[in-house]
Amino acid sequence: MAEIRRETQHHSGLNMSAILFALFKRKRTVLLCAAVGIIAAAAFYFFYPPVYESQAKLLVRYVLERSAVDSIDSTNAAAAVAASSATDRVIGAEIEILTSWDLAVQAAQAIGPKRLLPRSGQAATETEAAATISSGLTAISPLILNKGSNIIFVSYKNRDPQIAPLVLQEVLSRYFVKHLEVHRSAGAFDFVTQQTDQVRARLNQTEDALKSLRDKTGTVSLKDGSTALTAEAAKTQEQLDAAEADLAQYKAVVKQTGESKSKKWKSKSSPSEKTPQSEKAQVAGIEAKVETLKARLRNIQQRMKQLSELGPQMQELERKREMDEANYKYFAASLEKARIDEALDPSKIPNISAVQRPSPPMLETKTRNKIALGLAGGGIALGIALALIRGLVLNRTVGRPLELETRLHIPLMLSIPYSNTRNGHLALPPNGSPANPGALATRPHHSKLAPWEAGHFIRPYCDAIRDRLGLYFELNHLTHKPKLVGIASFSEAAGASTLAAGLAASLSETNDGKVLLVDVNLGPEDVHQFFKGKPAYSLSAALKPKGAIASAADNLYLATVGSPNAGPAQLGLKKFFDMMPNLKASDFDYIIFDMPQLSQTSPTWGMAAFMDKLLLVVEAEKDNRELIKRGYGKLVAERDNVAVVVNKARSYVPKWLHGDS
């Protein structure tokens, strides 16, 4: 197809141009929602009751857990701070204590429900008063903005300026007590005292049992006793071996001496006879020593056996005694800490201090301003959201001519903007003088202007279409006469008839020959009026050779498919096919067909194949995109001679924001 077209960009129709179009098209919705939001914001701003706020600041240096099971070496605050890598968790825990329900109940009890809820009078309860304190109390830490900060900001809001600082002071006073209760066990002194007594009693029982076993085994400790018995047994065995050796030696000497001197001793009687008696006495003494050593060794072995049997019991008792001694020392130290905590004043807690005491009540406007801005911004946002949803999501029509190319990928021939002078209302040319004084003088002031008259707003666009058609015919070497041009639309009020009449008038002014405008849709009573009231002719009469028919203007003739007195009629395909020889044999140079709108039963589908050029009129913001895409695709599949014209296109975006739309 040789028609000049803009290169289609295959991108989504959702772009800034589409967004601006949707917003400015429904600017009334946006403005209405914005006005409602602003009115609601103003009403809230002026009718919002005043609220007073008292503020305080707490410095949390560190948090030291003081309970009965604390580590004895955890009293160094600096070490606790250095070892802590979770300052945010510590601050979070303190904030939870500050905003706890128990603390609110205690403050409510101290102040009194009647004072906190004066409007409720005698019916006020502590629960309701505590709820009032809890809802107005805020505790935050700037950890997000200042990493590692250990400051807690505490504030309380109330409509009564006297109540705000009073409640905050009561909350802080009870917070210190609550802090101690949370970070140390309740009744820690009594608990640790009881635990210390129990450990001491267990230690005494263990020592008594261990002493009994020591007395039974005769050892102080299992390890020392076992070592001593082993050494004593070895020594006794060594002595026994030496004694047995001496005994054997003396027995041998006595035996040998007795045999060699027995005869001599028998023949002589002298004091030397006492010598064998002395050796025998030594042997007897050594034998007694051997028996004593054997008895001692048996005793030692017996004691070692007993110690081996009782060893596990002694070992278990010794381990138990060591554990009880360690526990006793631990609980003794904890008892001293608990005694200190018991006497500690909550207001003198060294790890938490008040950087700022409750301030005098100040009028709090942040909440009011935020809500008011939220209402105003919410109205604007709602209007924008509704406009975008309706324009980009729910709307299925072609709003901008550019959508044909960006979303439907259909080349656009021309777009005709929406005009207040549409439908043929009288309009003056740019110079301010009537377009056709002679013709206009015969009409009432509010009569309609025919599309073929020079003053009609459609004429400049019809002239542009005429020039593009001429170029199209030349590029495609279409030199035959007449040239058939069909104009159809997807809807009844799309402006196809006005465009057909204007195009016919524009072609008739080129002096290239006669132009016939054929109204295929309606009967003569709905056909555009001729100048000076001349009637329309039937198509059969207009096609007769050398037929004498009056022109509507120079070289412009108008015909209808019906008879002059008939009602609305449509041209059937068979009748149109039978008339083709007469159409081609006529002396017209151009025949413009104002064709019926495209529908499932429309004859336009069949007639389009006989046209040299078919102009498809799309009404902006009315015709469905899917319908256009299917219809265009079907027509192009039959013959690639279809051009699309968008009519009644509106530009809602201001000129300084206006892009290619």
Side-chain angles (χ1 to χ4, degrees), residues 3-4 412-419 421-431 434-436 438-440 448-476 478-479 481-489 494-520 527-531 534 536 542 549-559 586-595 611-618 641-649:
E3 181 184 355
I4 299 177
L412 176 65
M413 182 180 189
L414 185 72
S415 64
I416 302 174
Y418 180 86
S419 175
T421 60
R422 139 175 339 270
N423 295 328
H425 291 297
L426 290 174
L428 294 177
N431 57 13
N436 190 338
L440 297 178
K448 291 184 177 181
L449 189 67
W452 48 76
E453 296 188 54
H456 200 280
F457 84 95
I458 198 70
R459 288 299 302 275
Y461 304 98
C462 293
D463 293 343
I465 295 175
R466 175 200 64 196
D467 296 339
R468 298 184 186 186
L469 286 177
L471 179 60
Y472 170 78
F473 292 144
E474 289 183 8
L475 293 176
N476 289 273
L478 297 177
T479 58
K481 295 182 179 181
K483 298 179 180 64
L484 307 182
V485 179
I487 301 177
S489 64
S497 297
T498 302
L499 182 61
L503 179 60
S506 180
L507 289 170
S508 67
E509 294 175 354
T510 60
N511 296 322
D512 290 338
K514 298 189 297 182
V515 179
L516 176 64
L517 172 62
V518 180
D519 190 345
V520 184
V527 176
H528 299 290
Q529 296 179 355
F530 286 161
F531 288 125
K534 294 181 180 179
I549 58 176
S551 62
D554 293 341
N555 298 324
L556 176 62
Y557 300 86
L558 182 63
S586 65
D587 57 351
F588 294 104
D589 293 273
Y590 295 94
I591 300 179
I592 310 300
F593 291 91
D594 181 10
M595 305 172 71
M611 300 293 115
D612 296 306
K613 187 67 174 179
L614 177 65
L615 299 181
L616 191 58
V617 181
V618 173
N641 64 343
V642 183
V644 179
V645 176
V646 176
N647 192 21
K648 302 182 183 179

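In what follows, every heavy atom counts, from backbone to side chain, and hydrogens, waters and symmetry copies are set aside.
Rounding to the nearest 0.5 angstrom, the gap separating the CG atom in Leu484 from the CZ atom in Phe593 is 5.0 Å. Atoms CG and CD1, on Asp463 and Ile458 in that order, are 10.5 Å from each other to the nearest 0.5 Å. We find the CG-CG distance between Leu503 and Leu615 to be 6.5 Å, quoted to the nearest 0.5 Å. The CG atom of Leu475 sits 13.5 Å away from the CZ atom of Arg468 when rounded to the nearest 0.5 Å. Taking CG of Leu556 as the start and CD1 of Ile592 as the end, the distance is 9.5 Å to the nearest 0.5 Å.
Residues Pro417 and Ser415 come closest through the heavy atom pair CD-O, 3.9 Å. Minimum heavy-atom separation, Lys481 to Phe588: CB-O, 4.2 Å. Considering all non-hydrogen atoms of both residues, Met611 and Gly486 come closest at SD-N, 3.5 Å. Scanning all heavy atoms of the two residues, the minimum distance from Val515 to Ala504 falls at CG1-O, 3.7 Å. Contact record, Leu614 with Ile487: CD1-N, 4.3 Å, taken as the closest heavy-atom pair. Counting all heavy atoms, side chain and backbone alike, Ile591 lies closest to Ser586 at CD1-OG, 3.9 Å.
Applying the side chain to side chain contact (heavy atoms under 4.5 Å, CB included) criterion to Phe473, with sequence neighbours excluded, gives Leu469, Leu478, Lys483, Val485, Tyr590, Asp612, Lys613. In this structure, Ser489 has no side-chain hydrogen bond (donor to acceptor under 3.5 Å, both in side chains) partners at least two apart in sequence or on a different chain.
Contact check for Asn647 versus Thr498: no side-chain heavy atoms found under the 4.5 Å cut-off. A heavy-atom distance below 4.5 Å is found between the side chains of Ile416 and Leu499. Annotation: side chain of Val644 is not in contact with side chain of Met413 (no heavy-atom distance under 4.5 Å).
Seen from the ring of Tyr418, Lys648 does not count as a face-on cation partner, given the 6.0 Å and 45° thresholds.
Side-chain atoms of Ser508 come within 3.5 Å of backbone atoms of Ala505 as a donor-acceptor pair (strictly under, hydrogens ignored). The main-chain N or O of Pro482 is never found under 3.5 Å from a side-chain atom of Asp589 such that the two would form a donor-acceptor pair.
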